[in-house]
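Proteins come first, then strands; the chains are lettered A, B, ... in the order of their sequence lines, and each starts at number 1. Just so it is clear, the model here is predicted, and its values are computed rather than measured. Note that these values count all heavy atoms, side chains included, but never hydrogens, waters or copies made by symmetry.
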Amino acid sequence: MGAAPASRDVTSYGMGLAAPLALFFLLFFVAPLLQLLWLSLHNDTAGLHWGLGQYLHFLTDPFSLGVLGSTLLLGAEVTAVCLLLGFPIAWLYQRVGPKLQTIIILIVLLPLLTSVVVRTFAWIVILGRQGIVNATLQSLGIIDTPLKLLYTQFGVVIALAQVQMPLMTLPLITALGRIDPNLDDASCSLGAGSWRTFFRIVLPLSLPGVIAGCTLTYAAAITAFITQSLIGGGQMLFMPMYLYQQASTLQNWPFAAAISIIFLLAVLAVVSVFTTLGRLSRGYGGA
Amino acid sequence: MAEAQGGRSLVVDAVTHRYPSGALAVENINLDIKGGEIIALLGPSGCGKTTLLRIIAGFIAQTQGRIIIGDDIVDALPPNKRAVGIVFQNYALFPHLSISENVAYGLAARGVDKTSRQREAQRLLELVQLPTMAERLPRRLSGGQQQRVALARALAIKPSILLLDEPFAALDKNLRLDMQIEVKRLQRVSGITTLIVTHDQEEALSMADRVAVLSHGKLEQFGSPSDVYDRPQTLFVNTFVGSTNRMPGVVVSADRTAAKVRLDAGAEIIARPAAGSLTEGARVTVCIRPEHLQFVGDASGFAGVVGMSLPLGATVVHEVTTADGSGVKVSQARIGETRALASGAAVRLAPLAPSLANAFPATL
Amino acid sequence: MAEAQGGRSLVVDAVTHRYPSGALAVENINLDIKGGEIIALLGPSGCGKTTLLRIIAGFIAQTQGRIIIGDDIVDALPPNKRAVGIVFQNYALFPHLSISENVAYGLAARGVDKTSRQREAQRLLELVQLPTMAERLPRRLSGGQQQRVALARALAIKPSILLLDEPFAALDKNLRLDMQIEVKRLQRVSGITTLIVTHDQEEALSMADRVAVLSHGKLEQFGSPSDVYDRPQTLFVNTFVGSTNRMPGVVVSADRTAAKVRLDAGAEIIARPAAGSLTEGARVTVCIRPEHLQFVGDASGFAGVVGMSLPLGATVVHEVTTADGSGVKVSQARIGETRALASGAAVRLAPLAPSLANAFPATL
Amino acid sequence: MSGRKRTLEALSFEFVMTVIAVIALVIIIAPSLVVLIVSFTSGFSLKFPPPGYSLRWYAELWNAWQLHFAAKNSLVVALWATGLSVILGVAAALAISRSRTLSVRLLDSLFMSPLVLPALAFGLAALMLFSLVGLPVSPLTLVIGHTVVCVPYVVRNTVAALAQLEPTLLESSAVLGASRLYTFRRILLPLIRPGIIAGAFIAFMSSFDNVPVSLFLRDAATDMLPIRMWQDLEGKLDVTIAALSGVLIIATVALVAVMERVTGLSRRLTN
Amino acid sequence: QARPLVFATFTGSWEEAHKAVLVPAFRKANADAAIVLDPMLSVDQIAKINAAKANPPIDVMLHDPGPALVAIGQDLAEPYPVEKSAHYKDLIAEAQEPMGPAPFFQVVGLTYNPEAIKTPPTSWADLWKPEFKGRVGITNLNSTLGTGWLVEIAKMRGGSEANVDPGFKALEELKPNLAAVAANPGALATLFQQGQIDISPGNFNAIQILKARGVPVEFVAPKEGAIAFKTTIHIVKNSPNRELAFKLIEAALTPEVQTTLMNPPYLIVPTNSKVTMGGEIARVLAKDTAELKQKFVFQDWKKINEQRSAWIERFNREIKI
Ligand SMILES: Nc1ncnc2c1ncn2[C@@H]1O[C@H](COP(=O)(O)OP(=O)(O)OP(=O)(O)O)[C@@H](O)[C@H]1O
Ligand SMILES: Nc1ncnc2c1ncn2[C@@H]1O[C@H](COP(=O)(O)OP(=O)(O)OP(=O)(O)O)[C@@H](O)[C@H]1O
Ligand SMILES: [Mg+2]
Ligand SMILES: [Mg+2]
């Protein structure tokens, strides 16, 4: 670090320090994805003949499109449930004292850090025919034969919602924390009631957090292989399992690659829609 | 409640508030404010100004005491029913709503229809001289403009009381002066009872009809600006408002209106007993403001040695060390370069007039 | 470099800096500072004060010009080789190190052994009157105490130049005054060349031997406090330092030292041509400070009508509207309640003395 | 909330929000509790409530050598991946934290992209690449794959810690005569350490828990715990897995408690 | 030795049996050699080995007849070193496969929960009974069980190994009764255990461990005839652990291991002629190999293999409940 003007700034470190990670990513992240793309552009399993056959196959096949559609739908349902349940948590967090705040955060955090298999397993226990829900309903005499909860769309959505809820709640807590508490008071002193204040002020201003949370939840929900396959059982097919089957069971790598690329693009599209919305809402929300 | 009109009286009746954490934020505050007055709540940071304001607005339910607006005890009313306008220090404009939507917000909340509330918002924006900004978002306005929008928004609901919490703290000196004048103008126009919270004594003295000085949650004095400046009732008020020299001494003789005090620094002076009468022989603290001391040629005052002289723009402040070793500040108008006092010069000092020194019982 | 001693001179030689973003932050600044002087860099927010300071410290490499400390051009030296001490506005104490470790940090970085650096740290803490705080962590100190630790830390490396960036901005009024005096005392003791950045004119005027006023990256004036206050070279300096009334007028006659100006408000007055001579018939802006105007009984001055009178503690400010409709402020010492001017009263005003009005060529 | 006046309208709002929030919190926490309770069952099935209580499944766990083997592998891979992530991630965070140029922003989104992209696709891609270059599936490939998906956590937390760091502290250090290395050692590192630890912790947990990447990059000889658990769950819902879950839940709670102490984890993740 | 011996077994009862009996026997005979079990379906084993033929991640694979043909056809299996083997010659003739001997037989019939279903089912057709609405479990076609069963259903409705259309039609009709489609046969046992299903096609031996644990589940051979097939075990070509792989297979062929596995709770049909069938197996299934061959249905897996992947694909599309 001589007298070169560039090295004067003692608060920043050279870009060189990013080089190892950049190289690592280039080799082990970018290159594999490119290879994936390359392979997906082949019509045969051996990867000798170029062509868009795999994509054509996917996009003209109602079954494949159905899998894609139901996956995207699943993500939307899970995200909606998470938002509906997560927002009140974030709201409550802002209202309670520091002790309860820490407890809420830890409750929200714990599942995030608990193994996803364990969390999913818990839902098998809960939703099973002898599980807690059926046992309770039966003992209350509400039903006499156990309900089928496992291996249903409902079960998958609920389990995924629980598994991904922290991803929604944490950004929401952050976003609500950034809202000037005076705005709430200002609205109130201007004569607005709580509901009005919530829908007109709090909700719009927390949009950046809502969007961040939705992005994370959505991306996580549609790729949640374990939960989808364990709670969904063998007959509900979503993109990750479809991809896995094609790659692992059927060894149809080019098609699996095409599925991956389509899946990647779908996720990217959703994420960028959310990001765009996020940017708009940030413009909207000031700051 | 939307019909409430400017100029209602406000009574703060023996209000005490203790936060759940146990902090006693305000203690037995009594204020009797006439309709249309401007009152400044003045005090150092943490003395409970904001707490009191939030109690009046209804954001906090006081532990004890009552708030009476006009003829109504409002303690049972939530903030959105009190018809109190509030302007926050950081303005608290809704960042996602346009200026006119901000101003019309309170009307919308009351169910006023769109055209009338737009008309009203426009009228208020004209009142605060921002008629062309209606469609902008708040962040595209300067600090002073935002301030005015916040005012317009608070006035839109025709509140009977207007509360301003450190309204100018975030503005720079020049803008601040403009805004003070603007607020005073609007207040005169609307005749609305106004309470301004500030820790800036100049602001309090220049804007308010009466000033309430708080310290540690207690009301120290409530009176006109000149009362507070010239006839402080407590040592705290005397030192907090304006600057002052504190000189220890002993009472030689005293009645209700005047006391003769022998200063430790060496002279006998006449001072006003600030809080009731003083007993002979009691130790007192005499407060004399720097601008109320003068250099005298004769032997009438007390002696001292000039230390540093700091020219402070319009004034020169001389630091003088007195015989008992304490430091005294003397301020003089600085007209051009007329005055020049050598450091180390021996001088004598005396108050300009007897009524300008205040004597307080010495506390430890 | 650790051997560098207090009192070295500092030359800022035609320094210009343009940020990579294209902003021209400082432009052709020349300062010639003698060893041991206290200099204040005064200017409004964004005028380039911090940038200039950071150039001197070596955090930024200036686009053009040179920095010379003592006899050395230091442009090629990185910050850790310049032997410059800095105190930041937020103190920037290392939060995880104790007070004495903070003070000893610079010595540790130079490889001074443990016992000597502890001894030196203790000596400095005594100098700043905090000898008993050595083992505390910074966050357990009050703002003023932290400030003093930051000073001790900067002095520990025996810098040849001490730079202070808005050192008192975060302190409240009383503490601020104490710290100003403390810094001045330490500076006198160590004789170290000191540069204080501030936007507070009172601070600049009271602390500095000389004041450099900046505006928009340019040096407007560099002179003693009374030069800057009484003989401002530019209209900017006149309005930024202290408050002033700006009155338009036309030059009737002028030479190098005095100009006769007919004010639009109605009187002919004598003013000092601030920047060279003025031509007859040219339009000028005359600046007269509020404390330099007086009410006159005869017909000598210009006429006006009193508007509001605001008592501001030690002074009363009267707002007077002149014949041409513009407002003029007049400030008078407020001694007790002697003065009372009715709103609406017709008065006449004149400068206290001719040399107290400054005339500048009118800029649009 | 110090006793703000409440009307019916306000109460209705608060009631609805609080009720939903409490339900949501119960939904979040309940499954783990249920597993914990079921893991102490004396029966053979995951019946709730259990017919009786015993530690038999925990004892069974003692002999589950396949789970031991997988757990050991997972631990080793997670430790390596975390170590590598910290070294690469902290260096990169230092480089990108203070700059907002386009290239830095691009780098930043590159480093963060494993967080949103489907890891399963990456797992497949990595497997394809490794088999193309002839690198057999091994602990090494697992470590590489895991590092890619763990690095973002380290980078993000370190960048956040750096953003909170007053730049004037570094400048102070410099003018006091400290070299860059000395500043790094004495000032920078100690001050961002909690952030790095928090990032490393999350990276470790996510590696230890990784399924989508391991799915492709592991084999029986490098069995990974979550995959083993998943397959066991799919194949035979035995209660041993509940016991293992119990162990993992308790270990996680303990770790989180420690991390909360050391790094203020909860505040870090909400800022 | 670079890595432990990897033995790809099946999930569920197979894995448990191997873990409890075969692996300990093997380790005892081979100085505690390192070994791991990797339970997965045959199709998955083939896929994994195919992906890295030169350096296969599996050393020993276990196959039902269909996949065995595939694996051998794709040159994934090493010929069994018959001359070195001590037990190969003792196997019954059907089990003596030079590409990989068959240590066990499997039998597929109906399994049901006797507590929920009081009258035992007698025919595949019983699965369609309306009283079993929402209580039937099946597996998908990735497993031999699923495919074999589908072929039987097709035959029942007039189809054959070459024509399973009637089977698919029947499946369509079964939908209202289906409670779950398990990903593999092992999962079926789990479903019984959890009470998710009450009746399903199932392996005789797969339910035995459950039964031993007290889970109410019974096996019955349908009147159309239970399906029987042998399970073969192979050394994977290019395995780096060829020697140990051989040793493991040898262990599987020993009379001791086969006897233990034949007894409760495993009840796996042995193929070593030195082991005489007895106990539950003799009571429920067959007294000896001859009776087995005569009583049970053997399917033509060569034929089935020709179309199997198409069926899998079709099944995955059509059976969504
Ligand atoms: N929510 C709260 N919980 C507990 N104590 C509080 C709370 N808000 C304020 N306090 C305490 O009550 C006292 C008065 O606070 P308040 O905010 O009213 O002071 P203030 O005069 O407005 O000060 P400032 O000028 O700094 O705004 C302080 O000691 C403060 O610490
Ligand atoms: N890092 C930077 N990049 C680009 N422009 C900058 C940077 N820092 C400052 N500037 C610009 O340079 C000019 C001078 O900034 P500087 O910080 O020196 O002002 P200042 O006088 O210290 O102001 P203040 O009183 O607000 O601290 C400003 O216009 C500012 O916007
Ligand atoms: Mg306050
Ligand atoms: Mg600055």
Side-chain angles (χ1 to χ4, degrees), chain A residues 87 90-103 171-172 174-214 276-287, chain B residues 1-2 4 19-21 50 53-54 56-60 77-98 101-112 117 137-141 146 149-150 152-159 161-163 165-166:
Chain A
F87 208 107
W91 174 87
L92 187 67
Y93 177 86
Q94 304 301 338
R95 308 264 297 179
V96 298
K99 275 225 185 73
L100 271 179
Q101 283 193 335
T102 310
I103 291 176
L172 282 179
T174 310
L176 284 184
R178 295 219 171 117
I179 298 178
D180 179 358
N182 281 343
L183 292 180
D184 214 22
D185 287 345
S187 169
C188 213
S189 75
L190 290 169
S194 305
W195 290 99
R196 184 183 192 87
T197 303
F198 180 77
F199 285 108
R200 285 282 284 158
I201 307 297
V202 178
L203 197 56
L205 287 178
S206 58
L207 268 187
V210 170
I211 284 159
C214 286
T276 315
L277 282 178
R279 204 165 293 138
L280 287 180
S281 77
R282 220 169 302 137
Y284 182 63
Chain B
M1 66 302 169
Y19 278 105
S21 66
T50 298
L53 203 83
R54 293 172 63 81
I56 297 171
F59 298 134
I60 299 177
L77 296 180
N80 51 344
K81 307 277 184 215
R82 287 203 181 182
V84 162
I86 195 164
V87 175
F88 295 92
Q89 172 173 347
N90 60 358
Y91 324 135
L93 295 181
F94 305 126
H96 59 304
L97 301 181
S98 74
E101 284 171 329
N102 260 282
V103 174
Y105 184 88
L107 301 174
R110 281 167 171 70
V112 175
R117 69 182 194 244
L137 285 182
R139 67 165 175 287
R140 296 202 38 228
L141 262 52
Q146 291 188 21
V149 174
R153 185 179 68 177
L155 292 175
I157 60 165
K158 301 202 193 312
I161 311 279
L162 183 62
L163 305 175
D165 192 359
E166 311 250 4

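- With a 4.5 Å cut-off on non-hydrogen atoms, Arg140(B) does not touch chain A at all.
- Ala108(B) touches chain A through backbone and side chain together, each having a heavy atom under 4.5 Å away.
- Contacts with chain B were tallied for Gly193(A), Pro181(A), Gly191(A); Gly191(A) has the most, counting heavy-atom pairs under 4.5 Å.
- Nearest heavy-atom pair, Arg196(A) versus Ala109(B), reported as atom, atom and distance to 0.1 Å: NE-CA, 3.4 Å.
- Counting all heavy atoms, side chain and backbone alike, Ile201(A) lies closest to Leu97(B) at CD1-CD1, 4.4 Å.
- The shortest distance between side-chain heavy atoms of Leu205(A) and Pro95(B) falls below 4.5 Å.
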query: Can Phe94(B) and Arg200(A) be said to form a side-chain contact (heavy atoms from CB on, under 4.5 Å), step by step?
result: CA-CA 10 Å; Phe94(B) 305 126; Arg200(A) 285 282 284 158; over 6 Å; no
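- Across every non-hydrogen atom of Ala92(B) and Ala186(A), the tightest pair is O-CB, 4.1 Å.
- Put simply, CG on Asp180(A) and CZ on Phe88(B) are 8.0 Å apart, with the number rounded to the nearest 0.5 Å.
- Between Leu190(A) and Tyr105(B) the shortest heavy-atom distance is CD1-CD2, 3.9 Å.
- The two residues Ser189(A) and Ile157(B) make their nearest non-hydrogen contact at O-CD1, 3.5 Å.
- Going from atom CG of Leu183(A) over to atom CG of Asn90(B) covers 7.5 Å, rounded to the nearest 0.5 Å.
- With rounding to the nearest 0.5 angstrom, the SG atom of Cys188(A) is 9.5 Å from the NZ atom of Lys81(B).
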- request: Show your reasoning for whether side-chain contact (heavy atoms from CB on, under 4.5 Å) applies to Leu207(A) and His96(B).
  value: CA-CA 11 Å; Leu207(A) 268 187; His96(B) 59 304; over 6 Å; no
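- Contact annotation for Leu93(B): only backbone heavy atoms (N, CA, C, O) come within less than 4.5 Å of a heavy atom of chain A.
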